[in-house]
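These notes concern the structure reproduced below.
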Amino acid sequence: MANIVELKVNLHCDECIRKILKAIKKIEDIETYDVDTQLNKVIVTGNVTEEQVIRVLQKVRKAAVKWDEDN
């Protein structure tokens, strides 16, 4: 069963978005991914955990936290 990982990430420029997408694409067992620049939200679906996605984003120097509906 696929997990849906929703994270808040600061998406302030095209270079940041490019780095994030490149990093996410390298994660094994992902099915889909989406970056919502309006909400500063990254959504990854697949056989992944929040911790895996956060760790990958930290490697490209992007801080990520669990998405909270109050964001």
Side-chain angles (χ1 to χ4, degrees):
M1 173 152 175
N3 296 326
I4 299 172
V5 176
E6 297 179 313
L7 301 172
K8 180 173 180 148
V9 183
N10 190 7
L11 305 168
H12 62 279
C13 69
D14 289 340
E15 183 66 18
C16 292
I17 296 167
R18 187 187 64 74
K19 286 181 181 180
I20 290 168
L21 290 174
K22 185 176 179 181
I24 289 173
K25 290 177 187 178
K26 292 181 180 179
I27 302 172
E28 291 184 27
D29 296 330
I30 63 168
E31 295 174 10
T32 64
Y33 56 89
D34 186 38
V35 175
D36 186 329
T37 56
Q38 296 284 332
L39 296 174
N40 286 323
K41 185 175 186 178
V42 173
I43 304 166
V44 180
T45 305
N47 189 21
V48 294
T49 65
E50 283 180 357
E51 292 78 22
Q52 285 175 299
V53 180
I54 290 172
R55 209 173 8 219
V56 166
L57 294 176
Q58 286 174 339
K59 286 182 182 178
V60 293
R61 301 180 187 257
K62 297 306 293 178
V65 294
K66 183 177 178 179
W67 182 261
D68 183 357
E69 291 301 321
D70 294 335
N71 286 332

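For clarity, every value in this text was computed on a predicted model and none was experimentally measured.
Scanning all heavy atoms of the two residues, the minimum distance from T49 to V5 falls at C-CG2, 3.8 Å. Closest of all the heavy-atom pairs between V9 and A64 is CG2-CB, 3.7 Å.
For the pair E6 and K66, the salt-bridge criterion is not met [side-chain N within less than 4.0 Å of a carboxylate O].
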Step by step, would you call T32 with V44 a side-chain contact (heavy atoms from CB on, under 4.5 Å)? CA-CA 6 Å; T32 64; V44 180; over 6 Å; no
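More than 12 heavy-atom neighbours from other residues, nucleotides or ligands sit within 6.0 angstrom of CD on E15.
Tested against K62 for a side chain to side chain contact (heavy atoms under 4.5 Å, CB included), the candidates I20, V56, L11 yield a single pass: I20. Just one of V48, T45, L21, I27 meets the side chain to side chain contact (heavy atoms under 4.5 Å, CB included) condition when paired with Y33; it is L21.
Contact check for R55 versus Q52: side-chain heavy atoms found under the 4.5 Å cut-off. Residues V42 and D34 form no side-chain contact, since every pair of their non-hydrogen atoms from C-beta on lies 4.5 Å or further apart. Contact annotation: the side chain of L7 never approaches that of I43 to less than 4.5 Å [non-hydrogen atoms, C-beta and beyond].
Hydrophobic clustering of Ile, Leu, Val, Met, Phe, Trp and Tyr side chains at less than 4.5 Å, counting indirect connections, unites I54 with V35.
Between atom CG of residue D68 and atom NZ of residue K8 there is a gap of 9.5 Å, rounded to the nearest 0.5 Å. Put simply, CD1 on I4 and CH2 on W67 are 14.5 Å apart, with the number rounded to the nearest 0.5 Å. Summarising the geometry, atom CZ belonging to R61 is positioned 12.5 Å from atom SG belonging to C16; distances are rounded to the nearest 0.5 Å.
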